[in-house]
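Here the structure is a predicted model, which means the values were calculated and not measured.
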Amino acid sequence: MAEGRDPVAALEAQLAQLRGQFLQRLEGTLEHLGTQLGATDTPPSPEVLQETHAELHRLAGTGGTFGFHELSLQARRLEVQAKAWLGADASIAPAEWATWKAAVLALSHTVAAAEPAAGGLADQVWVGIAKGLEDQPQVLLVHSDRHLGDDLRRGLSQFGYDVVYCHDLAQARQRIEARTPDLLVLQLDDAAGNSPGAGLFATLPRGRRVPVLYLAAHGGVALQLAAAHAGADDFLPLPVDAPTVAAHIERLLGMVRQPPFRVLVVDDDAMEAERCQLTLQAAGMTVERLSEPREVMATLQRFRPDVLLMDLYMPQHGGAELARAIRYDAQWQGLPILFLSAESDLDLQYQALDSGGDDFLVKPVADARLVAAVRARALRARRVEELMTRDSLTGLLTHASIKERLAQELDRASRQRKPLAVAMVDIDFFKRINDSWGHPVGDQVIKTLGHLLRQRLRRQDSVGRYGGEEFLVILPECTAADARRVLNDIRLRFAAVSFQHQGHSFSVTLSAGISSSESVLSASELLANADALLYRAKQDGRNQVLPAAV
């Protein structure tokens with residue numbers, strides 16, 4: 001099934017063009033080395049040797065990157081010898097020099113005999129490529145139990161998901177060929193890891209990575225390990241209810257929905273930096289590259305990357321001292337810094353890490369390794385930030401974080417002269433839920449509403465747990481009338497959710513009050529007005545959104 005131009009083929013075409021440019025530069029570099037070293041039979045001045053060492057160091061890194069692996073190995077060996085001479089007090093023996101110079105001049109023969117690698121990027125590089133999620137994400141459920149499938153299809157539709165249920169593999173393949181789902185929910189049959197969904201992955205379009213949730217007959221380590229072996233992103237033992245499955249689906253889709261990782265590449269070698277940029281962009285990341293180290297601090301403030309990837313050796317400012325300077329600023333203490341260099345000396349690598357780096361990748365680095373390292377560091381950094389700013393029960397912004405976000409959005413709305421709506425949302429009769437069904441069930445109700453708010457709101461909207469069972473919703477570029485329509489839809493969906501506990505079912509309602517920046521000027525006034533309208537909604541019978549008309 002075709003979904004536009006093959007992203008792998010598009011990238012490999014760009015890389016092929018870049019390899020051609022590298023080959024042209026390589027010919028010029030080798031010609032320059034031949035002219036510089038071939039003019040004399042005596043060892044050169046320290047300045048010439050230093051320049052030659054720098055050229056060999058660059059070839060050692062970029063040669064392998066562009067497919068000239070033998071060139072990379074030979075250049076690294078010659079670079080090590082040049083470095084040793086530069087650090088020694090004794091003069092260079094004429095015989096050693098003659099042998100070394102002959103090896104440098106022979107590099108051109110290594111290039112002529114080489115066959116550069118032709119694309120062929122590993123499939124795991126492409127886990128970041130995915131089309132944008134639809135307003136109503138499609139979930140493909142494959143399970144042999146028709147009763148379970150029908151129940152989950154009805155329940156998950158209350159949360160805004162388009163659930164397609166298939167009871168066998170053949171039916172599921174037909175559905176995937178018609179439309180690639182946004183998430184798969186598959187049956188795990190036994191501890192051996194058997195699953196009817198195993199054959200579905202080959203049906204997915206090239207370059208697509210779809211999250212997978214496995215449902216198993218029961219829990220236990222054996223089935224969890226089987227799910228991990230089968231490649232599951234998440235695991236749930238049966239029996240399950242729709243709110244629980246919806247919460248897990250939302251977490252998995254949140255990994256797809258989240259803004260692309262932002263990576264800043266700092267390297268004075270423009271071609272090496274461009275190749276990194278192309279590879280990371282193909283994996284779904286937003287990448288900027290910088291060749292001037294002195295511009296790093298200003299670029300960090302403007303671009304605010306999730307990861308900084310930089311060379312260790314650059315003119316005037318090395319990567320190690322640059323990392324140390326960055327760490328002086330408290331706001332960048334948690335920024336992952338990855339060094340990418342041809343430096344193979346372990347002691348120097350350790351020194352670089354000690355200066356403030358988090359990882360060291362030795363050039364040439366495989367594309368899959370580069371993507372995996374950057375993604376892992378970026379993901380952990382975001383998770384740490386979430387732990388600091390997110391409520392542990394719902395995953396929503398904390399009280400302090402949502403109030404800070406309100407101040408930011410109100411300032412933006414004022415500058416852009418656009419409306420901003422704020423809603424205070426509260427669960428009706430929540431104390432009765434805790435008293436009747438227990439606090440764990442009450443927590444489930446809170447999590448369900450939090451999930452429903454997050455799932456039904458736009459990406460630019462913000463929602464936080466303001467306290468207890470109360471939520472604060474911020475809707476930029478939204479009038480009070482539009483906000484009421486959105487919140488009323490959520491109110492109806494929440495009321496339709498059926499909660500299950502010990503064979504009993506019950507439903508819950510919510511009330512909300514909406515305030516707009518069209519009538520007030522400060523964040524405190526917005527909150528006070530929304531809170532007053534929420535109180536009035538409670539007093540007037542609950543299960544409503546006020547103002548009733550705008």
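- In this structure, CZ in R146 is found 10.5 Å from SG in C166, a value given to the nearest 0.5 Å.
- For F499, the ring pair (Phe, Tyr, Trp, His ring centres under 6.0 Å) partners are F506, not counting sequence neighbours.
- Looking only at atom types and distance, the side chain of R405 has a donor-acceptor partner in the side chain of S462 under 3.5 Å away.
- Between the side chains of N488 and R491, at least one donor N or O lies within less than 3.5 Å of an accepting N or O.
- Considering CG of L449 and CD of E469, their distance stands at 10.5 Å, rounded to 0.5 Å.
- Residues L338 and L340 form no side-chain contact, since every pair of their non-hydrogen atoms from C-beta on lies 4.5 Å or further apart.
- Under a cut-off of 6.0 angstrom, the local environment of CD in E385 is sparse, with at most 12 non-hydrogen atoms contributed by other residues, nucleotides or ligands.
- At a threshold of 4.0 Å, the pair E409-R412 counts as salt-bridged, since one of the basic side-chain nitrogens sits closer than that to a carboxylate oxygen.
- Side-chain contact check for Y165 versus L152: every heavy-atom pair is 4.5 Å or farther apart.
- Here the closest non-hydrogen pair linking L452 and I490 is CD2-O, 3.8 Å.
- Put simply, CG on D391 and CG on L397 are 9.5 Å apart, with the number rounded to the nearest 0.5 Å.
- The shortest non-hydrogen separation linking Q455 to P137 is NE2-CD, 3.8 Å.
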**OP:** Might you work through the salt bridge (Lys or Arg N to Asp or Glu O under 4.0 Å) test for E288 and R302, ending with a clear yes or no?
**Re:** CA-CA 11 Å; E288 282 198 13; R302 175 184 57 78; 2.7 Å; yes
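- Salt bridge present: D411 and R415 bring a charged side-chain N and a carboxylate O closer than 4.0 Å.
- Using a 4.5 Å heavy-atom threshold, the side chains of L236 and D234 count as separate.
- The shortest heavy-atom contact between G464 and L396 is CA-CB, 4.0 Å.
- The existence of a salt bridge linking R380 and D358 is excluded, since no basic side-chain nitrogen approaches an acidic carboxylate oxygen closer than 4.0 Å.
- Side-chain contact between H501 and P440: absent, with no pair of heavy atoms (C-beta onward) separated by less than 4.5 Å.
- Within a 6.0 Å radius of NZ in K403, other residues, nucleotides and ligands contribute 12 heavy atoms or fewer.
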Original post:
Between L534 and D531, is a side chain to side chain contact (heavy atoms under 4.5 Å, CB included) present by the stated rule, with each step listed?
Top reply: CA-CA 5 Å; L534 171 62; D531 198 49; 4.2 Å; yes
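- Remark: K447 does not engage D443 in a salt bridge, criterion side-chain N to carboxylate O under 4.0 Å.
- Using a 4.5 Å cut-off on side-chain heavy atoms (C-beta onward), V307 and M285 make no contact.
- Considering all non-hydrogen atoms of both residues, P305 and L335 come closest at O-CD1, 3.4 Å.
- Distance check, rounded to the nearest 0.5 Å: CD1 of I514 to CZ of R485 gives 10.0 Å.
- Looking at every heavy atom in both residues, P260 comes nearest to G284 through CB-O, 3.2 Å.
- F261 does not carry R382 over the face of its six-membered ring by the limits of under 6.0 Å from the centre and within 45° of the normal.
- The shortest side-chain heavy-atom distance between L223 and F235 falls under the 4.5 Å cut-off.
- Y161 is not listed as a side-chain neighbour of Q138, based on a closest heavy-atom distance of 4.5 Å or more.
- Looking at every heavy atom in both residues, G149 comes nearest to L141 through CA-CD2, 3.6 Å.
- The shortest side-chain heavy-atom distance between P547 and L533 falls under the 4.5 Å cut-off.
- When the shell of 6.0 Å around CZ of R432 is examined, it contains 12 or fewer heavy atoms from other residues, nucleotides or ligands.
- Few gaps surround CZ on R262; more than 12 heavy atoms of other groups in view lie less than 6.0 Å from it.
- Salt bridge present: K538 and D428 bring a charged side-chain N and a carboxylate O closer than 4.0 Å.
- Between D426 and R542 there is no salt bridge, since no side-chain N of the basic residue sits under 4.0 Å from a carboxylate O of the acidic one.
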